[in-house]
Amino acid sequence: MNYSIAIDGPAGSGKSTIAKRLAKDLGFTYVDTGAMYRAIALWALENAPDIKDERLIASHLDEVDIDLEYSEGSQQVILNGENVTDRLRQEETGKAASVVSKQKKVREKLVSIQQKLAGSQSVIMDGRDIGTKVLPDAFLKVFMTASPEVRAKRRFDELTLKGEKCDYEEILKGVKERDHADETRKISPLKPADDAVILDTSVMSEAEVTGEIQRLFEERKRS
Ligand code: DC
């Protein structure tokens, strides 16, 4: 039997760290759907004169080929034959992803790829609309959240650790803007599915969150 675990939540809630760890522990495939929106954003930045031009982007989507490969369990995104994984986390790509992810045809294309992936294997998929739209029948749905301040601090620490100069207040402003864009967009806005378990990770450690999701998974398997 194939299982699917949907993990949704805002940027910086810790979704990807937790989902990666759980996928390893459970032997499931990890699918980072944000990376797929980022890959389309990268393509749009390089090929579209205006990434907000929804009609133009929609008319060229057939030219965008996105594949996921796995190297020692880590997801690699292949955009038109090129491994672009290392370029996806840049700030500019994240901002552009927030723009293209509002576009209907972009969402349709990626949701269809994501549903196919989950149809053939056990997956842990993280994103914004996994429990509500991509996998409405997921075996377990978790909505992870944390206060904007905690999420901004996590991002600040991550960048500082990498030696990048950054400003906490600027990051906090960015976090709030991204939340607003994700929560108020017309198609598939960020919100918990009615049957999702909500986990506020503001005061939970990584091990506590992983343990809690594993417990929920086992509990559901028994019932
Ligand atoms: O999780 P992330 O920062 O990599 O996501 C990048 C952008 O893509 C972000 O603005 C939210 C959007 N996104 C989405 O709309 N739906 C998803 N399933 C995943 C990400």
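Side-chain atoms are counted along with the backbone in the values below, which use heavy atoms only and exclude waters and symmetry mates. Whatever order the structure lists them in is the order used to number ligands and atoms, beginning at 1.
- For D194, the CG atom counts as loosely surrounded, since its 6.0 Å shell holds 12 or fewer non-hydrogen atoms of other residues, nucleotides or ligands.
- Residues M1, Y3, I5, I7, I18, L22, L26, F28, I124, F139, L140, V142, M144, L199, M204, V209, I213, L216, F217 make up the rest of the hydrophobic cluster containing V197, defined by ILVMFWY side-chain heavy atoms closer than 4.5 Å, directly or through other members.
- When heavy-atom distances to ligand 1 are checked against 4.0 Å, the residues falling inside are T33, G34, Y37, R38, R89, A97, S98, S101, R107, G127, R128, D129, R178, D182, R185, ordered by chain and number.
- By the side-chain hydrogen bond (donor to acceptor under 3.5 Å, both in side chains) test, D195 pairs with K141, sequence neighbours left out.
- A salt bridge is defined here as a Lys NZ or Arg NE, NH1 or NH2 lying under 4.0 Å from an Asp or Glu carboxylate O, and R222 with E218 fails to meet this definition.
- Its side chain within the 4.5 Å cluster rule, L190 clusters with F143, I198 among the Ile, Leu, Val, Met, Phe, Trp and Tyr residues.
- A donor and an acceptor atom, one from each side chain of S74 and Q76, are located under 3.5 Å apart.
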